[in-house]
Amino acid sequence: MKILLHICCGNCALYPFKILISEGHNLTGFWYNPNIHPHDEYNLRLESLNRLSEKWKFDVIHTEKYSPQEYFRIFNIQDEDIQDILNKYPGWSIREDLNPPGRCKRCYGLRLENTARQARQHGFEAFSTTLLISPYQDFQQIAATGRRLAEKHNVLFHLRDYRPYFREAMALSRELGLYRQKYCGCIFSRVERNRKKAKGRDKGY
Ligand code: SF4
């Protein structure tokens, strides 16, 4: 099957690629992650993926420059307020929709909708995402989002639970020297992680 695989980072791409290629699928990666904050972190994750794609020889479609506005827009945060949030981390946590699980539901929707659209436009039979390997993500929500968007865009969603391979994936990532992030990606997850760290409750990501 010809599959467009949304890639959240190189680490999470390792096992989905290994497994799907070994089953004979034709895979192309798709990098679309405007949620990642800040730009330096975005570049670190993208460069790490680029190194992996060169080493393992697979193609990755890039449709974006760094555009965090696309992420903030799903929360109706205006451009002029973004800088305020970036500078001061104001009391966003009092806004229900800026907390998980609602925040992540919208984030999955944004990234997977663009993947489904690209898959449909470029003749792929199915789309999927490497988010499905992470025990830190909401698997059921990703599955529900994928199914909904498959129906909307008339393209299959390839669903597989890769979570049992997560530990092996991280071991392989260390072996390959890939960049391993310390938080999920958005500015909110970064602040949450820093707060946990300050309270000594950070167990790593
Ligand atoms: S925590 Fe992760 S999945 Fe949730 S909104 Fe932030 S980047 Fe997206």
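Whatever order the structure lists them in is the order used to number ligands and atoms, beginning at 1. What you see is a predicted model, and the numbers here were worked out from it, not measured in a lab.
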(message) Looking at atom 8 (Fe) of ligand 1, is there an N, O or S atom belonging to C107 that lies under 2.8 Å away from it?
(response) yes
(message) Counting only heavy atoms closer than 4.0 Å, does ligand 1 sit against the backbone of Q137, its side chain, both, or neither?
(response) side chain
(request) Identify, by atom number and element, the atoms of ligand 1 in contact range of Y71, meaning under 4.0 Å from any of its heavy atoms. (result) 5 (S), 6 (Fe)
(request) Examine all N, O or S atoms of C104, backbone included, and report whether one is under 2.8 Å from atom 4 (Fe) of ligand 1. (result) yes
(message) Could you tell me, atom by atom, which parts of ligand 1 come under 4.0 Å of a heavy atom of C186?
(response) 1 (S), 5 (S), 6 (Fe), 7 (S)
(request) Heavy atoms only: give me the nearest P16-L27 pair and the separation to one decimal. (result) O-CD1, 4.3 Å
(message) Taking the six-membered ring for Trp, are Y66 and Y42 closer than 6.0 Å centroid to centroid?
(response) yes
(request) Give the atoms of ligand 1, by number and element, whose distance to some non-hydrogen atom of N35 is under 4.0 Å. (result) 7 (S)
(message) Looking at R193 and Y183, would you say the former's side chain and the latter's main chain have a donor-acceptor pair under 3.5 Å?
(response) no
(message) Within the 3.5 Å criterion, strictly below it, is a donor on Y108 or Q137 matched to an acceptor on the partner's side chain?
(response) yes
(request) May I ask you to list the atoms of ligand 1 that are less than 4.0 angstrom from any heavy atom of R111? (result) 3 (S), 8 (Fe)
(message) With a 3.5 Å distance limit and no angle check, can you tell me whether S48 reaches the backbone of L178 through a side-chain donor-acceptor pair?
(response) no
(message) Keeping H122 on the side-chain end and Q118 on the backbone end, is there a donor-acceptor pair under 3.5 Å?
(response) yes
(request) For atom 2 (Fe) of ligand 1, decide whether C184 has an N, O or S atom at a distance under 2.8 Å. (result) yes
(request) Measure the spacing between CG of L46 and NE2 of H39 and express it to the nearest 0.5 Å. (result) 8.5 Å
(request) Enumerate the atoms of ligand 1 whose separation from the nearest heavy atom of S189 is less than 4.0 angstrom. (result) 1 (S)
